[in-house]
Amino acid sequence: MNILAIETSCDDTAVALVRTEKGSLFVTDSLISSQIKVHAPFGGVVPDLTAREHLKNLPRLLRKIFDRNKITAKDIDLISVTQGPGLIPALLIGTNAAKALAYSWRKPLVGVNHVAGHIYANFIGLKNKIKKDIKFPILALVVSGGHTELIVMKKHMDFKIVGQTLDDAAGEAFDKVAKILGLGYPGGPKIAAYAAKHGTCNAGRRTKDNSYALPRPMIKADNLNFSFSGLKTAVLYTVRDNPKILKDKKLSRELCAEFQQAVIDVLVHKTLKAARKYKPKTVILGGGVSANKELRKQLGKAIKDALPKTKYQMPDAGYSLDNAAMIATLGYYKFNLAKNRKIFESSWRKMEADANLKYK
Ligand code: KG4
Ligand code: ZN
């Protein structure tokens with residue numbers, strides 16, 4: 001089976017071809033066109049500009065993926081598209097393109113949830129390797145620019161949110177702190193690079209290596225929710241009270257390291273708390289912030305130390321950030337596990353982009 005996927009939920013235009021082989025999913029090709037240069041001068045994503053760029057890039061990427069893999073419409077068995085959540089002008093370009101293709105080629109079409117897609121990035125098989133052994137129940141920590149959620153899955157396509165951010169998402173906090181420090185957009189990779197130059201910090205204590213002690217919001221709260229907007233404000237006040245940070249790379253690297261560590265401490269603490277409560281066999285990390293090397297490493301170590309029987313799974317390089325291979329993978333599971341696959345043959349008639357799409 002060959003699945004063609006389209007992802008346009010935010011500022012990346014992505015298409016992918018994924019195939020099934022002996023029950024595993026393999027990426028034949030995955031293309032991403034980033035709009036960073038278009039949005040960077042504004043310090044964040046401008047929703048209307050995303051649509052203009054997707055409209056320009058999507059036909060070009062589709063042509064390229066068909067040409068360079070020497071395939072035609074008859075080779076495609078299923079089309080999968082991000083239906084939401086995301087920016088509505090951006091989602092509309094992808095969903096309408098997918099609906100038009102499904103109608104004209106007479107192919108089944110599945111609309112899928114972007115956040116769930118980040119979980120399913122972990123189900124993409126490695127080239128030439130056997131199927132990944134991911135056992136249920138799963139506890140997933142999805143950390144992206146728009147979401148920070150802890151999700152329990154007892155089986156495929158069964159999502160229960162057990163914790164979430166009450167304000168900013170983790171990636172959003174990285175982006176806003178980078179903006180405060182004048183590091184540019186997107187902030188995550190920039191802060192991570194600055195923090196790496198400084199080294200890691202102690203947990204919110206002032207020491208000789210760490211002059212900035214930032215809070216670990218909600219770490220003591222007796223629930224699985226997060227809050228990152230106060231942490232961002234703490235950085236803002238630190239910079240306001242010490243303006244030399246903005247001119248001194250050594251100081252801003254130190255502040256970045258402390259900020260990154262504060263986010264990681266909270267994410268790791270709440271994930272372990274959730275794991276103790278829900279006793280998953282596998283803990284999965286996903287979303288753009290899962291590209292953060294310190295988070296990948298520290299969460300892995302914490303699980304190994306505290307819950308040695310629990311498996312830890314992160315997306316392979318290239319599938320942490322937004323991509324269409326994860327949308328193809330999720331689309332495959334949604335289609336394959338549906339009681340009545342026939343409904344997908346007429347999806348092109350009624351499927352609508354939904355900026356606030358919930359899990360289904
Ligand atoms: O999943 P994603 O590509 O898009 C959304 O669905 O939002 O995530 C993008 C987010 C941005 O906020 C970006 O700053 C953050 O992921 N990010 C990182 C890193 N790379 C990207 N955050 C921390 N460390 C990174 N290395
Ligand atoms: Zn995403």
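For the numbers below, each heavy atom of this structure counts, side chains included, while hydrogens, waters and symmetry mates do not. Read the numbers this way: they start at 1 and go in the same order the structure lists the ligands and their atoms. If you're wondering where the values come from, they're calculated on a predicted model, not measured in any experiment.
- Atom NZ of Lys56 is surrounded by more than 12 heavy atoms from other residues, nucleotides or ligands within 6.0 Å.
- The protein atom (non-hydrogen) at minimum distance from atom 11 (C) of ligand 1 is Asp175 OD2, 3.6 Å.
- Applying the side chain to side chain donor-acceptor pair (under 3.5 Å) criterion to His269, with sequence neighbours excluded, gives no partner residue.
- Remark: Asp222 engages Lys273 in a salt bridge, criterion side-chain N to carboxylate O under 4.0 Å.
- Nearest protein neighbour of atom 24 (N) of ligand 1, counting heavy atoms only, is Asn292 ND2, 3.0 Å.
- For atom 4 (O) of ligand 1, the nearest protein heavy atom (residue, atom name, distance) is Asp322 OD2, 3.1 Å.
- Taking 4.5 Å as the limit, some side-chain heavy atom of Glu149 sits within range of a side-chain heavy atom of Tyr359.
- Residue contact annotation: His147 places no N/O/S atom under 2.8 Å from the Zn ion (ligand 2).
- The closest approach between any non-hydrogen atom of Gly146 and ligand 1 is below 4.0 Å.
- In this structure, the protein non-hydrogen atom closest to atom 8 (O) of ligand 1 is Gly288 CA, 3.2 Å.
- Rounding to 10°, one obtains 100° for the angle at the Zn ion (ligand 2) between NE2 (His114) and OD1 (Asp322).
- Of all the listed residues (Glu7, His118, Arg296, His147), His118 holds the heavy atom that lies closest to atom 1 (O) of ligand 1.
- Counting atoms of ligand 1 from 1 in the listed order, those under 4.0 Å from a heavy atom of Gly171 are 12 (O).
- Rounded to the nearest 0.5 angstrom, Thr271 OG1 and Ile284 CD1 are separated by 12.5 Å.
- A 4.5 Å side-chain heavy-atom check between Tyr332 and Val110 finds every atom pair outside the cut-off.
- The nearest pair of heavy atoms linking Ile71 to Ile65 is CG1-O, 4.4 Å.
- Counting heavy atoms of neighbouring residues, nucleotides and ligands inside a 6.0 Å radius, atom CZ of Arg63 does not exceed 12 of them.
- The heavy atom nearest to atom 7 (O) of ligand 1, out of those in Ala291, Pro189, Gly145, is found in Gly145.
- For Lys350, the NZ atom is densely surrounded, since the number of other residues' heavy atoms within 6.0 Å is greater than 12.
- The Zn ion (ligand 2) has no N, O or S atom of Cys10 under 2.8 Å away, backbone or side chain.
- Taking 4.0 Å as the cut-off, His114 counts as a neighbour of ligand 1 on heavy-atom distance.
- With respect to atom 25 (C) of ligand 1, the closest heavy atom belonging to the protein is Gly188 C, 3.7 Å.
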